[in-house]
*Asks:* 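I have a structure I would like to understand better, so I am pasting it below and will then ask my questions one at a time.
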Amino acid sequence: MLLTIDENLIDQDTCPVCGGDGIVIDTINTINPSSNKKIDLVECALCKHWWHNKLPNQKLLNDLYQSGSEYVVPATYAKAVVTKPSKNIDDLLFEKIFNQLSSYSNKISSTKKSFNYLELGIGSGHMFDFFSKKANVSYGVEPGKWVLSENQNIISDVKETPTDIKFDLIVASDVLEHLSNPTNMLSTLRGFAGNDGIIYCTFPNKDSLKAQIQKGGWHMVRPFGHLHYFSAQSIKNTFKKSGWKIVKMRKRRIADSSILDLIKKFDTSSKNILYRLVKSLLVGQILLGKDQWSVIALNDKEMSNYF
């Protein structure tokens, strides 16, 4: 496996988003505990995007996810992802996202099955099932073997997406950071979108104070599980180049938790409560916790595709 990985890594000295010069800001191990391979964390001098050099090509990435390799997911990932969390917690988050997205399209309705839905990287399929129940037609893409959903329209590669269906809503939640070339993927997804189609994405925010302080020690930096970390400028460049018009971009915490949510979830029963209250809750989550982006974008019909 190590030889295969070495043969399929791509030298990426310049920014994969804008072509600017790359500056190495840290060097870290991959997430595979059995490997001593070290990978550079690189920042673009122009758009401030972060990426890893070297990058796996997409074929290698597909193979790694299909095999559940520890180069991309922990050994316990498959078991953890299929263990359903509280359905009420999941549904509240999904309903919040759905209501937000429906405000940007008349087709997206919770009462009428009037929209076609495509989700990239469905994981266990919890979110996919929730949205599919509201959709007219739904397709999910997942190369891994940990899908719980019984929906029949689950495919292992985005290339298998039917071309005779135009999708009104596309979701790629925590996906772009896993890809060799996020811009190409967004361009591909735009090809499946209807004229009024919208896309919702979430991914790591390298502009966050936590990322700037910790750099390679930031918990989001996980080669080869994560490959890209977005700045505000690299988001704008990526979506514009792929033909999407951003209508909402904001920083958020994981699971879109509010301060009140964090306080309610805080465990007061275990030891060292004062230490955890200050370091974990106040500093780690409330003050520095917004280390993700969420983006909503529309299919920009007036813009020619770059790819």
Side-chain angles (χ1 to χ4, degrees), residues 31-32 58 60-102 108-110 113 115-162 165 167-179 185 188-189 192 198-204 219-220 222 224-227 252-257 261 265 292 294:
I31 63 170
N32 187 342
Q58 195 57 48
L60 173 60
L61 283 173
N62 291 346
D63 290 344
L64 293 175
Y65 279 104
Q66 287 171 1
S67 64
S69 168
E70 287 188 87
Y71 275 105
V72 291
V73 293
T76 57
Y77 180 77
K79 182 178 180 179
V81 81
V82 299
T83 303
K84 285 198 173 188
S86 168
K87 186 175 184 298
N88 289 336
I89 294 174
D90 262 359
D91 286 357
L92 287 173
L93 173 60
F94 300 156
E95 192 70 49
K96 179 180 178 180
I97 294 170
F98 185 85
N99 290 339
Q100 184 181 17
L101 295 173
S102 65
I108 301 173
S109 168
S110 59
K113 294 193 173 186
F115 68 97
N116 298 332
Y117 177 60
L118 173 64
E119 184 177 333
L120 187 67
I122 69 171
S124 64
H126 296 160
M127 184 175 184
F128 178 65
D129 282 347
F130 182 90
F131 276 56
S132 293
K133 290 174 183 177
K134 299 176 181 292
N136 173 41
V137 174
S138 57
Y139 274 81
V141 183
E142 179 52 62
K145 307 299 184 184
W146 34 72
V147 178
L148 285 177
S149 174
E150 296 180 358
N151 190 306
Q152 297 302 304
N153 293 338
I154 296 175
I155 53 183
S156 61
D157 195 305
V158 72
K159 295 176 182 177
E160 301 170 25
T161 305
I165 299 174
F167 294 92
D168 307 294
L169 173 58
I170 300 175
V171 168
S173 181
D174 301 332
V175 169
L176 296 185
E177 65 269 32
H178 297 268
L179 303 173
M185 180 57 73
T188 297
L189 293 175
F192 297 128
I198 68 174
I199 190 168
Y200 171 77
C201 302
T202 61
F203 38 77
H219 71 104
M220 290 284 190
R222 308 180 61 254
F224 294 115
H226 290 172
L227 302 171
R252 58 166 240 170
R253 298 179 180 89
I254 293 176
D256 213 6
S257 299
D261 292 332
K265 294 175 186 176
Q292 278 198 331
S294 73

*Asks:* Please determine whether side chain to side chain contact (heavy atoms under 4.5 Å, CB included) holds for the pair V141 and L118, giving the CA-CA distance in whole Å, both sets of side-chain angles, and the decisive distance to 0.1 Å.
*Replies:* CA-CA 8 Å; V141 183; L118 173 64; 4.2 Å; yes
*Asks:* Nearest 0.5 angstrom please: Q58 CD to L179 CG, how far?
*Replies:* 5.5 Å
*Asks:* Please answer whether the main-chain N or O of N116 pairs with a side-chain N or O of D168 as donor and acceptor at a distance below 3.5 Å.
*Replies:*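 Yes, the answer is positive, given that a donor and an acceptor are paired below the 3.5 Å cut-off.
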*Asks:* Going from OG on S138 to CG on L169, what distance comes out if it is rounded to the nearest 0.5 angstrom?
*Replies:*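 Answer rounded to 0.5 Å: 11.0 Å.
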*Asks:* First locate atom CG of N62, then atom CG of D157, and finally report the distance between them rounded to the nearest 0.5 Å.
*Replies:*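 Between N62 CG and D157 CG, I get 5.5 Å after rounding to 0.5 Å.
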*Asks:* What pairs with S149 under side-chain hydrogen bond (donor to acceptor under 3.5 Å, both in side chains), at least two apart in sequence or on another chain?
*Replies:*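 For S149 the side-chain hydrogen bond (donor to acceptor under 3.5 Å, both in side chains) partners, ignoring immediate neighbours, are D129.
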*Asks:* Go through K96 and L92 one step at a time and tell me if the side chain to side chain contact (heavy atoms under 4.5 Å, CB included) criterion holds.
*Replies:* CA-CA 6 Å; K96 179 180 178 180; L92 287 173; over 6 Å; no
*Asks:* Working to the nearest 0.5 angstrom, can you tell me the gap between K159 NZ and T161 OG1?
*Replies:* 11.5 Å
*Asks:* Between the main-chain N or O of E150 and the side-chain N or O of Q152, is there a donor-acceptor pair closer than 3.5 Å?
*Replies:*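 Flag set: sc Q152 to bb E150 pair under 3.5 Å.
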*Asks:* What's the shortest heavy-atom distance between G123 and E142, and which atoms?
*Replies:*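 That closest heavy-atom pairing would be N-OE1, 2.8 Å.
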*Asks:* Would you name the heavy atoms of Q66 and P143 that are closest together and state the gap between them?
*Replies:*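 Where Q66 meets P143 most closely, the heavy atoms are CG-O, 3.2 Å.
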*Asks:* Check side-chain hydrogen bond (donor to acceptor under 3.5 Å, both in side chains) between D174 and all other residues, then give those that pass, not counting sequence neighbours.
*Replies:* T202, Q292
*Asks:* I'd like to know if the side chain of H226 and the backbone of E177 have a donor-acceptor N/O pair within less than 3.5 Å.
*Replies:* no
*Asks:* Using the side-chain contact (heavy atoms from CB on, under 4.5 Å) criterion, which residues pair with Q100? Sequence neighbours excluded.
*Replies:* K248, R250, I296
*Asks:* Please identify each residue that fulfils side-chain contact (heavy atoms from CB on, under 4.5 Å) with N153, with sequence neighbours left out.
*Replies:*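 Per chain and number, N153 pairs via side-chain contact (heavy atoms from CB on, under 4.5 Å) with Y139, N151.
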*Asks:* Do F224 and L60 have side-chain heavy atoms sitting under 4.5 Å apart?
*Replies:* no
*Asks:* Calculate, to the nearest 0.5 Å, the distance between atoms CD1 and CD1 belonging to I154 and I122 respectively.
*Replies:* 4.0 Å
*Asks:* Under the rule for side-chain hydrogen bond (donor to acceptor under 3.5 Å, both in side chains), what residues qualify as partners of E160, not counting sequence neighbours?
*Replies:* S156
*Asks:* Given I254 and M220, is the side chain to side chain contact (heavy atoms under 4.5 Å, CB included) satisfied, shown in steps?
*Replies:* CA-CA 11 Å; I254 293 176; M220 290 284 190; 4.0 Å; yes
*Asks:* Evaluate the criterion side chain to side chain contact (heavy atoms under 4.5 Å, CB included) for residue pair S132 and Y117; output intermediate values, then yes/no.
*Replies:* CA-CA 7 Å; S132 293; Y117 177 60; 4.2 Å; yes
*Asks:* Could you list the residues that satisfy salt bridge (charged side-chain N to carboxylate O under 4.0 Å, His left out) with K113, not counting sequence neighbours?
*Replies:* none
*Asks:* Determine the minimum heavy-atom distance between I199 and L189, stating which atoms define it.
*Replies:*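 Answer, listing the atom of I199 first, then L189: CD1-CD1, 3.9 Å.
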*Asks:* For I97, enumerate each residue passing the side-chain contact (heavy atoms from CB on, under 4.5 Å) test, keeping only those at least two apart in sequence or located in another chain.
*Replies:* L93, L101, M127, F131, Y200
*Asks:* Under the ring-ring contact (aromatic ring centres under 6.0 Å, His included) rule, collect the residues that match up with F130, sequence neighbours excluded.
*Replies:*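 If we apply the ring-ring contact (aromatic ring centres under 6.0 Å, His included) test to F130, skipping adjacent residues, the hits are F94.
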*Asks:* Return the set of residues passing ring-ring contact (aromatic ring centres under 6.0 Å, His included) with F167 (not counting sequence neighbours), or none when no residue passes.
*Replies:* none
*Asks:* Closest heavy-atom contact between I31 and E70?
*Replies:* CG1-O, 3.5 Å
*Asks:* Within this structure, what is the CD1-CG distance for the pair I155 and L120, rounded to the nearest 0.5 Å?
*Replies:* 9.0 Å
*Asks:* The criterion is side-chain hydrogen bond (donor to acceptor under 3.5 Å, both in side chains); which residues satisfy it with H178, sequence neighbours excluded?
*Replies:* Y65
